[in-house]
Amino acid sequence: MQEPWLCSSPRGAPPREAGWNHVSAPLVPRDAGAFVCVLVRPGSSRVLRCERTGEMNEHDTPFDELPADERLFRMRHSAAHVLAEAVLEMFPEAKYAIGPPVENGFYYDFDLPRPLTPDDLVALEARMRVSVARDLPIRGEQIPKARAREVFKDQPYKLELIEGIEDETVGYFRHGEFQDLCRGGHTERTGQLGAFALDRLAGAYWRGDEKNAMLQRVYGLLFPSTGELDAYRATRAEAERRDHRRLGRELDLFHLDPISPGSPFFHPKGAVLYNELIDYMRGLYREYGYDEVITPQMFSADLFKTSGHYDNFKDDMYMLEIDEQEFGLKPMNCPGHCALFRSGHYSYRDLPLRLAEFTRLHRNERSGVLHGMTRVRSFSQDDSHIYCTPDQVEHEIRAVFEMARRIYEELGLGLPVIRLATRPERFAGNIPDWDVAERQLGDSVRSVGYEYTLAPGEGAFYGPKVEFHFRDAIGRSWQLGTLQIDVAMPTRFGLQYTGADGEGHTPMMLHRAILGSLERFIGVYTEHTAGHFPLWLAPVQAVVVPIADRHVEYAHRVRSLLRERGLRIQVDESNERMGAKIRRAQLQRVPYMLVVGDREQEAEAAAVRDGTGADLGAMPVFQIIDRMVDERDSRAIYAGPPAHPPEAGA
RNA sequence: GCCGCUGUAGCUCAGUGGCAGAGCAGCUGUUUCGUAAACAGCAGGUCGUGGGUUCAAGUCCCACCGGCGGCUCCA
């Protein structure tokens, strides 16, 4: 017989549903004034559910009637408790910290006598399933702080949390032998957790502060159903197949070498992507009135002292000593552009001045943060700084938005999601200027038809920041571009332009990048497209496949004709069967395969197969050229990967 | 940087103190082929690096380097 369920019902409030019998007898008066409500079907003696409507409204509404997202939140939250229960069983001396629900599941942080191993995860998961099978009631209540301190007297992290709570009482949850300090949001029983699995181990600082102890974090996945859990795992497997580090190697685009950690080597094919993207941006710069500049790779530390980067980022810069003077490799372009502006004499007639630069930047990123192409130490950006008069700012911001929208659309990325990052704790400039700039950015975002979410305290040290995020083809969100108003550097550099009044004025300054770092963009875009780049970006745009050796010469003629139009074409002369050549081209994500045999040679044609695997039939060579040139010049988005992509390798 | 895991052929991986292996890729030869993998042979190794334990180390221990998963950071 299960133990009765305790509910701290407010004086026996009746259940709301018709058709339920309400047994309001206080079966287990565990806490003074607490009532237990047991629900049974009419005519049945089987206890179906208990309901509690206490001060915390924990089980005010039956779990099954909650909105789906609230149910999922509670399942994940309760799963964290069940995980902690399992860990405490395995390690009675464990100190447990916090365990919230998170996207895709939950985690719990522990201070344990030894590191956990993957085998431990298996054992813990088994223990969790026991708790689920026991289907224990989860009870919650508010208890006085003094009592909580007593309950958790051997739990330093819980005690610290208790001290941080301002109320006189704290939330206290139990199921079985397990008890936790918790603000609530739980299932009614441990049997309601849905489909879960322990996922991975990680380290995490207590309270997210690197000055604090490193705890062991156990991550779990949890979804309402096994189907959804499997679907999530399938998505993750797809992400692995698309991983740019893997595709970069398989498609021979780039690699990273221990000889220079975090600094990509672009192979010939990767360099095509890099240069095509720059060409694309240059074309837009001409259209949008940007001027490209090239500034030094290295500056005296004085420059970075002036800009403020020295104070904020010196440890993350590559510093050098030259002739007993301190120099640094530039980690960003803005100080150099300010130096360029300062060197000239600009009047209001020269503004807005939009300085763009693609030169390489170096940042000494901490070793643990490096990640493929998305977090590197050496990179270049489609970077620009716009100097303008105060009354030009709004127009300039809108123009950046318009340009960004166009670029993301042309690349097939859809509409970005906007975040507005405001003044951080350490900042340059003065607060009134910050307030104005934050309002101006927010207003501009709305005026161009976007909503934004606020990211308080996440701005750059010199000004508030708009971030452009987008979701890729498998639902992951990435930040690409940014737009910032600088409320510090023009003043710090003493920048001046001559106004119509003949007086000197401080210009406004905007920072903006749309692709962001080219390295990161290429990494993200490789994953978004799974390597199926649009034709204009594809490193090899077509492979000519001769059926037999006697067709090689004609294949070369076809290649020449296409190359004359600037198309990037290869001939597969290998001693392989056609099927193998097709397969190889397909695995290399080549957009077009041009098969040539006797029939095609006769007709000055090629049998065309596109990257989706569709057979387009034989087409005259001139028609193939027209088609490809059109597709390239219109920057058409790739139609989509083949329905059944083959696995590379064995 | 911190915590954990990890490092064997170009790639993916096997090798639990006793002769360093497989598949794919590569090279050579045969085959000359009609839309996703022809056949045969050959070659390929400082087992991340440096110390240590041992008669003996890819295997055990220590340090360092790189990578992976997180945390922190991200101009």
Side-chain angles (χ1 to χ4, degrees), chain A residues 107 109 114-118 199-219 243 245-246 249-250 252 255-262 304 307-317 330-335 361 363-372 374-375 381 383 424 426 428 458-463 465 479 482 484 486 489 511 513 517 520 545-552 575-587 593-600 607-609 613-618 642 644-650:
Chain A
Y107 69 78
D109 287 347
R114 66 165 175 85
L116 291 171
T117 66
D199 187 33
R200 53 182 44 146
L201 297 162
Y205 298 110
W206 165 237
R207 298 198 139 177
D209 188 332
E210 63 182 326
K211 290 193 281 293
N212 289 340
M214 177 66 71
L215 305 176
Q216 295 192 63
R217 177 170 296 178
V218 179
Y219 278 99
D243 191 313
R245 293 166 298 188
R246 169 182 169 146
R249 187 174 57 240
E250 289 175 1
D252 199 17
H255 86 278
L256 288 150
D257 195 303
I259 208 68
S260 184
F304 303 115
S307 71
H309 288 89
Y310 192 89
D311 286 341
N312 284 281
F313 295 109
K314 176 177 183 287
D315 291 344
D316 304 314
M317 289 173 58
K330 69 174 168 187
M332 82 303 298
N333 288 310
C334 33
L361 306 173
R363 297 179 183 177
N364 185 14
E365 301 281 6
R366 294 158 85 176
S367 60
V369 307
L370 299 177
H371 183 94
T374 60
R375 193 74 184 271
Q381 296 176 300
D383 198 11
R426 289 191 67 185
E458 290 187 29
F461 74 85
Y462 49 73
K465 170 167 82 169
Q479 186 196 331
T482 181
Q484 301 151 14
D486 195 318
M489 273 189 234
H511 304 234
S517 117
R520 179 180 165 81
V545 177
I547 288 176
D549 284 351
R550 65 177 181 280
H551 307 120
V552 168
N575 184 8
E576 287 286 352
R577 295 187 175 182
M578 184 183 49
K581 295 181 186 180
I582 299 263
R583 180 170 189 271
R584 178 153 52 192
Q586 195 88 60
L587 287 173
M593 282 144 271
L594 310 177
V595 176
V596 296
D598 293 331
R599 296 199 295 270
E600 290 75 19
V608 182
R609 180 189 163 108
D615 185 355
L616 306 183
H644 301 289
E647 277 300 309

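- When base pairs are accepted only as Watson-Crick or G-U wobble with both N-N or N-O distances under 3.5 Å, RNA chain B takes part in stems of 3 or more pairs at B:1-7 with B:65-71, B:10-13 with B:21-24, B:26-30 with B:38-42, B:48-52 with B:60-64.
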Review item, nucleotides 60-68 of chain B N/O atoms under 3.5 Å of protein N/O:
from: B/C68; atom 1: OP1; to: A/Arg245; atom 2: NH1; distance (Å): 2.9

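- Among the protein residues, A/Lys465 comes within range of the sugar-phosphate backbone only, with heavy atoms under 4.0 Å from sugar or phosphate atoms but none that close to a base.
- Per the geometry, CG belonging to A/Asp316 stands 12 Å off P belonging to B/C73, to the nearest Å.
- Nucleic acid contact for A/Asp549: base, since at least one base atom lies under 4.0 Å from a heavy atom of the residue.
- Note: CD (A/Glu576) to C1' (B/U32) measures 12 Å, nearest angstrom.
- For B/A75, the base is stacked against the aromatic ring of A/Phe313, per a cut-off of 5.5 Å between centres and 30° between planes.
- Of all the heavy atoms in A/Met214 and A/Gly203, the pair that sits closest is SD-C, 3.5 Å.
- Applying the 4.0 Å criterion to OP1 and OP2 of B/G4, one finds that A/Tyr219 has every side-chain N and O outside that range.
- Shown for residues 200-209 of chain A: residues whose heavy atoms fall under 4.0 angstrom of RNA chain B, namely A/Arg200, A/Ala202, A/Gly203, A/Ala204, A/Tyr205, A/Gly208.
- Minimum interatomic distance between A/His551 and A/Asp598 (heavy atoms only, all atoms of both residues): NE2-OD1, 2.7 Å.
- Using atom P as the reference point in both B/C2 and B/G18, the two lie 35 Å apart (nearest Å).
- Heavy atoms only, all atoms of each residue included: A/Ser517 and A/Gln381 are closest at CA-CG, 3.9 Å.
- Here the side chains of A/Arg584 and A/Glu576 are in contact, with some heavy-atom distance below 4.5 Å.
- Using a 30° and 60° split on the angle between ring planes, A/His309 and A/Phe461 fall in the perpendicular class, above 60°.
- Taking atom CZ on A/Arg363 and atom P on B/C73, their separation rounds to 16 Å, with Å as the unit.
- Remark: P of B/C24 and CZ of A/Arg249 are 18 Å apart, rounded to the nearest angstrom.
- Heavy-atom minimum distance, A/Arg426 versus A/Asp311: NH2-O, 3.7 Å.
- Note that CD of A/Gln216 and CG of A/Asp109 are 10.0 Å apart. Values are rounded to the nearest 0.5 Å.
- In this entry the distance linking CD of A/Glu365 with P of B/U72 reads 16 Å, nearest Å.
- As judged by a 4.0 angstrom heavy-atom cut-off over every strand, A/Glu600 is placed among the base-contacting residues.
- The interatomic distance linking A/Arg375 (CZ) with B/C73 (C1') rounds to 6 Å, in whole Å.
- A residue-by-residue look at A/Glu458 and A/Gly368 shows that A/Gly368 has its nearest nucleotide of RNA chain B further toward the 5' end.
- Closest of all the heavy-atom pairs between A/Val595 and A/Glu600 is O-CG, 3.6 Å.
- Using a 4.0 Å heavy-atom criterion, one finds that A/Ala585 contacts no nucleic acid atom at all.
- Here B/G70 presents its C1' atom at 14 Å from CZ of A/Arg366, a figure rounded to the nearest Å.
- The side chain of A/Arg217 places no N or O atom within less than 4.0 Å of a non-bridging phosphate oxygen (OP1 or OP2) of B/G4.
- Among the protein residues, A/Arg584 comes within range of the sugar-phosphate backbone only, with heavy atoms under 4.0 Å from sugar or phosphate atoms but none that close to a base.
- In summary, of the residues considered (A/Lys314, A/Met317, A/Glu365), a side chain to side chain contact (heavy atoms under 4.5 Å, CB included) with A/Pro331 occurs for A/Met317 alone.
- For the C1' atoms, the distance from B/C33 to B/C39 is 13 Å, rounded to whole Å.
- Distance alone, capped at 3.5 Å, places no donor-acceptor pair between the A/Lys581 side chain and the A/Ile547 backbone.
- Residue-to-nucleotide proximity on RNA chain B shows that, of A/Gln484 and A/Leu215, the 5′-proximal contact is made by A/Leu215.
- Between B/C68 and B/A56, the distance separating the two C1' atoms is 33 Å to the nearest Å.
- Side chain to side chain, A/Arg609 and A/Gln586 meet the donor-acceptor criterion of an N or O pair below 3.5 Å.
- Taking atom CD1 of residue A/Ile582 and atom P of nucleotide B/G34, one finds them 12 Å apart after rounding to whole Å.
- In this structure, A/Val218 and A/Leu201 have side chains that are in contact, with non-hydrogen atoms separated by less than 4.5 Å.
- For the pair A/His511 and A/Asp486, the tightest heavy-atom approach, listed with the atom from each and the gap, is NE2-OD2, 2.6 Å.
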